[in-house]
Amino acid sequence: MIRNQTKIAEFILLGFGEYSKAQTLLFLIFLITYAVSVTGNTLIVALVMFDRHFHTPMYFFLMNLSFLEVFYSSNIFPRLLCALLTGNNMISFSSCFTQWYLFGSLEATECCLLCAMSYDRYLAICKPLHYATIMQAQTCVQLVVASWINGFITIVTLFHLMVQLTFCSSNEMDHYFCDYFSLLNLSCTDTSLIEIIGFIVAVLFTLPPFLLTLISYIYIIAAVWKISSTTGRQKAFSTCSSHLIVVSIFYGSLMIVYMLPKSNVNRKIEKNSSLLYTVVPSLTNPFIYSLRNKEVKEDVKGLWLFSQPSF
């Protein structure tokens, strides 16, 4: 898969080396974050799979998003925690590109899933009489499968070009994971073609889903404001406000990172801002979607009480 034309066999992830005196604190913070993220998202997956109360399109999409977040976190956090604990920041060439490919594919898949979820909320609020007819089980499965396939296949072309780059100078990457721009900056070959293709892929997987999501919520907000009852208006908006928060965090952080002009100063900002779309969504999704949902809270409470020993 990876040709022998590279002169560098491994990279050094500098991570948060500038905070050398706080490595233990950072390790504890990221360890707790990872544990909470995996536990919360796994719990959502389990509840939706085994509880028939949640066998609805909205929770089906949420289950896939939670599964993606577990996969997403596990692609980055274990390597980061190992580096913070042992001080070993080395990562092999193949491991680095595998991490980048999974990161890019999952990121693209999440864009598609969030768009599908906004479409689901649009139909539920704006087209309630046609919702059950349109959002059948087969349609939901097709939307989810298309999101995963598009996310992983589209990045293959870019991945094929990336692994053929030559790295022959510095192998120090000022990031905590193998980032796309960081890899390009370390290459000593012409990356203009890859940058063009990467830009096209980024536009295709961020702009259309973002615009479709934005349009969906414009219609949703307009429909909600037409509801005469204040209670009904609050109930209708509460079903989509959680998703709107997640979308705002995810797309907002992506725009901060990828729209900033590239410079030595902004690279530090990009690295810290990337925490917003690599850490925050996976950590906050279980709380935003679940703790604000009465059904989920009741089922979690019942599961906890059932697991307690009886005397």
Side-chain angles (χ1 to χ4, degrees), residues 41 44-45 48 54 56-72 102-128 130-156 158 198-224 236-259 276-278 280-282 284-286 288-289 293:
N41 284 291
I44 291 178
V45 173
V48 177
F54 302 110
T56 63
M58 181 180 72
Y59 287 109
F60 177 70
F61 291 124
L62 177 58
M63 179 187 69
N64 278 271
L65 182 63
S66 296
F67 176 77
L68 181 145
E69 296 296 358
V70 173
F71 198 179
Y72 198 89
L102 292 175
F103 168 77
S105 299
L106 292 170
E107 192 177 56
T109 302
E110 184 164 1
C111 289
C112 296
L113 282 177
L114 289 175
C115 184
M117 293 175 73
S118 67
Y119 177 64
D120 172 71
R121 292 300 84 207
Y122 162 75
L123 291 176
I125 294 177
C126 299
K127 307 286 183 181
H130 303 283
Y131 179 74
T133 304
I134 298 175
M135 294 303 292
Q136 297 180 357
Q138 184 179 1
T139 304
C140 296
V141 172
Q142 289 173 347
L143 287 172
V144 167
V145 170
S147 298
W148 283 94
I149 291 178
N150 287 335
F152 276 79
I153 288 183
T154 307
I155 305 297
V156 169
L158 193 59
F199 177 77
I200 294 174
V201 170
V203 169
L204 290 176
F205 274 95
T206 56
L207 191 58
F210 174 72
L211 291 177
L212 289 173
T213 302
L214 183 62
I215 293 172
S216 296
Y217 275 99
I218 290 175
Y219 279 103
I220 288 172
I221 293 173
V224 168
F237 189 73
S238 66
T239 62
C240 60
S241 59
S242 301
H243 180 249
L244 184 59
I245 294 172
V246 173
V247 168
S248 301
I249 294 173
F250 182 73
Y251 283 109
S253 58
L254 283 180
M255 290 178 181
I256 290 174
V257 172
Y258 290 102
M259 292 182 66
L276 293 175
Y277 62 85
T278 57
V280 175
S282 61
T284 57
N285 280 359
I288 291 176
Y289 283 113
N293 188 295

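It should be emphasised that the depicted structure is a prediction, and the values quoted were computed from it without experimental measurement. Any value given below was found using the heavy atoms of this structure, including those in side chains, with hydrogens, waters and symmetry copies removed.
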Subject >> Residues forming a side chain to side chain donor-acceptor pair (under 3.5 Å) with T109, sequence neighbours excluded >> reply: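 Result, side chain to side chain donor-acceptor pair (under 3.5 Å) vs T109: none returned.
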
Original post:
Which residues pass the side chain to side chain donor-acceptor pair (under 3.5 Å) test with E69, sequence neighbours left out?
Top reply: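 Only N285 meet the side chain to side chain donor-acceptor pair (under 3.5 Å) criterion with E69.
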
Which residues pass the side-chain contact (heavy atoms from CB on, under 4.5 Å) test with [X], not counting sequence neighbours?
| X | answer |
| --- | --- |
| Y122 | Y119, C126, K127, S216, Y219, I220 |
| V156 | Y101 |
| A202 | none |
| L212 | C115 |

What is the distance from atom [atom1] of [X] to atom [atom2] of [Y], rounded to the nearest 0.5 Å?
| X | Y | atom1 | atom2 | result |
| --- | --- | --- | --- | --- |
| L113 | L106 | CG | CG | 10.0 Å |
| Q142 | I149 | CD | CD1 | 11.0 Å |
| C111 | L204 | SG | CG | 11.0 Å |
| L62 | T56 | CG | OG1 | 9.0 Å |

Original post:
Quick one: does N64's side chain get under 4.5 Å of L68's, heavy atoms only?
Top reply: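 N64 does not reach L68 side chain to side chain.
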
**OP:** Find out whether N41 and L65 are in side-chain contact, i.e. whether some heavy atom of one side chain is under 4.5 Å from a heavy atom of the other.
**Re:**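 When only atoms from C-beta onward are counted, L65 and N41 do not touch, as no gap falls below 4.5 Å.
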
Subject >> Exercise: identify the closest heavy-atom pair between F54 and Y59 >> reply: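 Between these two residues, the closest heavy atoms are O-CB, 3.1 Å.
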
**OP:** Report the residues that fulfil ring-ring contact (aromatic ring centres under 6.0 Å, His included) with F61, sequence neighbours left out, ordered by chain and then residue number.
**Re:**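 Per chain and number, F61 pairs via ring-ring contact (aromatic ring centres under 6.0 Å, His included) with no residue.
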
**OP:** Mind telling me whether W148 and F152 have parallel, tilted or perpendicular rings, with 30° and 60° as the class edges?
**Re:**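 Geometry flag for W148 against F152: parallel rings.
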
Original post:
Do the ring centers of F103 and Y72 come within less than 6.0 Å of each other?
Top reply: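 Yes, they do, as the ring centres are separated by less than 6.0 Å.
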
Residues 131-140, side-chain donor-acceptor partners within the protein, below 3.5 Å, at least two apart:
unit_1, atom_1, unit_2, atom_2, d
Y131, OH, D120, OD1, 2.5
Q136, NE2, T133, O, 3.2
T139, OG1, I134, O, 3.1

